[in-house]
Amino acid sequence: QVQLVESGGGLVQPGGSLRLSCAGSGSIFSFNTMGWYRQAPGKQRELVARITSGGSTNYADSVKGRFAISRGNAKNTVYLQMNSLKPEDTAVYYCNARHLGDYWGKGTLVTVSS
């Protein structure tokens, strides 16, 4: 019933920017916490950024100062503004949401390459 759909991934040059979006649908209209994870080729999934319903955020050290997470007014959407992208940011980015459960999108690929 609950579905998360990511969008905004693609190919970008180093130093460029992308904005990822995640929209939730179904019976839950306001998630407690939403966030972004990523999984690079050959590596395990890692937390990139997370935001609570109250607006509190936390970021991985590797993206601090470059990425910014935010939520939509409906509280079932989340965005990730990615600036100054580096090749090591290349990964599949997954949207995550929690509300008496743990929900995941199927991912959107971000490739940073010159």
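For the single chain, residues carry numbers from 1 onward in sequence order.
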_Checking S113 now: which residues fulfil side-chain contact (heavy atoms from CB on, under 4.5 Å) with it, not counting sequence neighbours?_
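Partners of S113 under the side-chain contact (heavy atoms from CB on, under 4.5 Å) test: L11, T111.
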*For R66, which residues count as a salt bridge (Lys or Arg N to Asp or Glu O under 4.0 Å) partner, sequence neighbours excluded?*
D89
*asked:* I'd like to check the salt bridge (Lys or Arg N to Asp or Glu O under 4.0 Å) partners of R98; sequence neighbours left out, ordered by chain and number.
replied: D102
_Gap between atom CG of L20 and atom CD of E6 - 0.5 Å precision_ = 8.5 Å
_Backbone of A68 reached by a side-chain donor or acceptor of Q81 within 3.5 Å_ =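 Judged by distance alone, no pair lies under 3.5 Å.
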*Linking Ile, Leu, Val, Met, Phe, Trp and Tyr by side-chain heavy atoms under 4.5 Å, what else ends up with V5?*
none
When the side chains of residues 47-62 are checked against the rest of the protein, which donor-acceptor pairs come out under 3.5 Å, sequence neighbours left out?
unit_1, atom_1, unit_2, atom_2, d
T52, OG1, G54, N, 3.3
T52, OG1, G55, N, 3.4
T52, OG1, S56, N, 3.2
Y59, OH, I69, N, 2.9
D61, OD1, K64, NZ, 3.1
S62, OG, R38, NH2, 3.4

_Pairs involving residues 74-96, ordered by first then second residue, that meet ring pair (Phe, Tyr, Trp, His ring centres under 6.0 Å) (sequence neighbours left out)_ =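 Passing the test, one end in residues 74-96: no pairs.
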*Step by step, would you call F31 with Y103 a side chain to side chain contact (heavy atoms under 4.5 Å, CB included)?*
CA-CA 10 Å; F31 295 99; Y103 305 94; 4.0 Å; yes
*Look at the side-chain heavy atoms of Ile, Leu, Val, Met, Phe, Trp and Tyr, link any pair under 4.5 Å apart, and say whether V63 and V12 land in one connected group.*
yes
*Name all pairs fulfilling the salt bridge (charged side-chain N to carboxylate O under 4.0 Å, His left out) condition that reach into residues 105-114, sequence neighbours left out, sorted by first residue then second.*
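Sorted result for residues 105-114: empty, none.
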*Can you tell me which residue pairs pass the salt bridge (charged side-chain N to carboxylate O under 4.0 Å, His left out) test with a partner in residues 9-34, sequence neighbours excluded?*
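Residue pairs passing salt bridge (charged side-chain N to carboxylate O under 4.0 Å, His left out), neighbours aside: none found.
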*asked:* List the residues meeting ring pair (Phe, Tyr, Trp, His ring centres under 6.0 Å) with Y37, not counting sequence neighbours, and say none if there are none.
replied: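 If we apply the ring pair (Phe, Tyr, Trp, His ring centres under 6.0 Å) test to Y37, skipping adjacent residues, the hits are W104.
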*With sequence neighbours excluded, what pairs up with S17 under the side-chain hydrogen bond (donor to acceptor under 3.5 Å, both in side chains) test?*
N83
*For R45, check side-chain hydrogen bond (donor to acceptor under 3.5 Å, both in side chains) against everything at least two apart and list the hits.*
none
_Before you tell me yes or no, could you show the steps for L18 and L85 under side chain to side chain contact (heavy atoms under 4.5 Å, CB included), namely the whole-Å CA-CA distance, both residues' side-chain angles and the distance that decides it to 0.1 Å?_
CA-CA 8 Å; L18 284 174; L85 283 162; 4.2 Å; yes
*Keeping to residues at least two apart or across chains, list the disulfide bond (SG atoms under 2.5 Å apart) pairs with something in residues 30-95.*
C22-C95
